[in-house]
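Keep in mind the model is a prediction, meaning the values are calculated, not measured. Basis for what follows: all heavy atoms, side chains included, without hydrogens, waters or symmetry-related copies.
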Amino acid sequence: MDKQRLKRWGKLFSQVVIAAIAIYFVLNEIDVDELKRSLLGAKIGPLIIAFMAFNASKLLSAFRLNYFFRALGLKLSENFNLKLYYLGMLYNQFLPGGIGGDGYKVYLLNKTYKSPLKGLIAATLLDRISGVVALGFLAFGLGLLGSAKDAMEGYGFLLWIGLVLAYPAYYVLVNVFFKTFKKVNHITNLQALGVQSLQLVCAFFILKALHIDSGFIDYFTLFLVSSVLAALPFSLPGGLGVRELTFTVGHELFGLNETAAVALASLFFLITLLSSLLGVLYLKIGKHAPKPDATTPIVSETPE
């Protein structure tokens, strides 16, 4: 077994172990029977709206990623890019220790359009970073509006610092390390905020499905924090275990219903999983990728 494959399997093993420990802790902290009743008693109508809001966020996210590709000079049709995005979601869910969604997109675009690997990797990496920055910015803002500031006692001022510095720090990062993407910086940042706002809409309707009618700002704050943690390398795709653990540990700080908080995390993971299955429709996309032409030029330059 070569070192790269061993590294991938090692990463998967560590992710599974962390998720298993997190789930074990959660199941020992909550009333499992109450959680079952909460999940089975969820209203279908709001869950359908939550599913639609989540997929709307993915549509916008795919659209944003295409802006990064266009900054490289790679002009993909929105239709093809969206199919590729959903296939990437599928691979992220079911092949976490293998090629992964981002890896497959980089491979296919490099193979089909000869776009340099360095640029494609930079585009997908910056796409992830911009999403995490948007998550943090919204979490800092909602934390100031909700109970987080008081829960942090004398350290509430850190929320202000995070809120003020989040995007200036990101712009410095782009201008120093990702100069090729400066021209799409403003629009992709707005899109990233739109993506995360749609996921908050998804969380809102999950809570409504669970018969929750108060404390939304604090639920949202914890949801955003869990999303940041779910995006880190130690977490399985979808944040399985990590989201539930975040809500289990954090619910006391905000005085939230623990069962509803964990149910929110579990239903969001289920919606993510079901949405990723749409990628099955595009498993053969590599064989039908549009050939390079005047609208999809081969890229020769690499990003600075």
Side-chain angles (χ1 to χ4, degrees), residues 22 25-26 29-30 50 53-54 57 60-61 64 127-173 188-210 212-235 238-269 271-272:
F25 177 83
V26 170
E29 287 292 315
I30 67 170
F54 177 81
S57 79
L60 182 55
S61 188
R64 179 189 63 184
D127 178 64
R128 290 292 186 97
I129 294 174
S130 69
V132 172
V133 171
L135 283 169
F137 179 80
L138 291 172
F140 291 134
L142 288 176
L144 289 167
L145 295 174
S147 304
K149 186 177 180 181
D150 294 331
M152 293 175 67
E153 297 179 349
Y155 296 95
F157 68 92
L158 294 176
L159 296 174
W160 280 110
I161 294 176
L163 184 69
V164 172
L165 294 183
Y167 275 106
Y170 176 75
Y171 273 83
V172 170
L173 177 72
T188 53
N189 282 334
L190 289 174
Q191 289 167 337
L193 288 170
V195 168
Q196 304 309 334
S197 296
L198 283 169
Q199 296 213 0
L200 288 178
V201 172
C202 172
F204 171 78
F205 281 102
I206 292 176
L207 289 170
K208 295 297 288 185
L210 294 170
I212 299 299
D213 294 310
S214 61
F216 290 113
I217 290 179
D218 291 330
Y219 280 110
F220 292 162
T221 303
L222 272 181
F223 175 79
L224 291 168
V225 171
S226 73
S227 294
V228 172
L229 295 176
L232 298 178
F234 62 74
S235 175
L240 180 63
V242 172
R243 288 185 186 276
E244 288 81 357
L245 180 62
T246 302
F247 279 104
T248 301
V249 173
H251 82 279
E252 280 190 51
L253 293 174
F254 300 104
L256 301 176
N257 183 305
E258 182 180 30
T259 302
V262 175
L264 165 60
S266 300
L267 287 173
F268 185 80
F269 173 78
I271 287 174
T272 302

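Leu144 approaches Gly156 most closely through the heavy-atom pair CD2-O, 4.4 Å. Nearest heavy-atom pair, Ala50 versus Ile271, reported as atom, atom and distance to 0.1 Å: CB-CD1, 3.9 Å. Nearest heavy atom pair, residue Leu264 against residue Leu210, reads N-CD1, 3.8 Å. When all heavy atoms are compared, the tightest approach of Ala139 to Thr221 is O-CG2, 4.1 Å. Scanning both residues, Leu135 and Gln196, for their nearest heavy atoms gives CD2-OE1, 3.0 Å.
Interatomic distance, Ile217 CD1 to Ser147 OG, rounded to the nearest 0.5 Å: 8.5 Å. One finds the CG atom of Leu142 at 6.5 Å from the CG atom of Leu138 (value rounded to the nearest 0.5 Å). Between Phe54 atom CZ and Ile206 atom CD1 the span is 9.5 Å, to the nearest 0.5 Å. Atom-to-atom distance recorded for Phe137:CZ and Ser130:OG is 14.0 Å, nearest 0.5 angstrom. In this structure, Leu158 CG and Trp160 CH2 are separated by 13.0 Å, a value rounded to the nearest 0.5 Å. Put simply, OG on Ser214 and OH on Tyr219 are 7.0 Å apart, with the number rounded to the nearest 0.5 Å.
Between the side chain of Asp218 and the backbone N or O of Gly146 there is no donor-acceptor pair closer than 3.5 Å.
A heavy-atom distance below 4.5 Å is not found between the side chains of Ile212 and Leu256. Taking the side chain as every heavy atom from C-beta outward, Leu193 and Tyr167 approach each other to under 4.5 Å. Residues Ile129 and Val133 meet the side-chain proximity criterion, which asks for heavy atoms closer than 4.5 Å. For the pair Ser266/Val262, a side-chain contact is recorded, criterion being any heavy-atom separation below 4.5 Å from C-beta on.
Shown here are the side chain to side chain contact (heavy atoms under 4.5 Å, CB included) partners of Ala265, two or more places apart in sequence or in another chain: Arg243, Glu244, Phe247. Contacts of Asn257 classified as side-chain hydrogen bond (donor to acceptor under 3.5 Å, both in side chains), with partners at least two apart in sequence or in another chain: none.
Counting heavy atoms of neighbouring residues, nucleotides and ligands inside a 6.0 Å radius, atom NZ of Lys149 does not exceed 12 of them. Counting non-hydrogen atoms of neighbouring residues, nucleotides and ligands closer than 6.0 angstrom, the CZ atom of Phe157 exceeds 12 such neighbours.
Using bins of under 30°, 30° to 60° and over 60° for the plane-to-plane angle, the ring pair Phe223/Phe268 lands in the perpendicular bin.
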(Q) As a quick check of understanding, evaluate side-chain contact (heavy atoms from CB on, under 4.5 Å) for Gln199 and Phe220, giving each step before the final call. (A) CA-CA 10 Å; Gln199 296 213 0; Phe220 292 162; over 6 Å; no
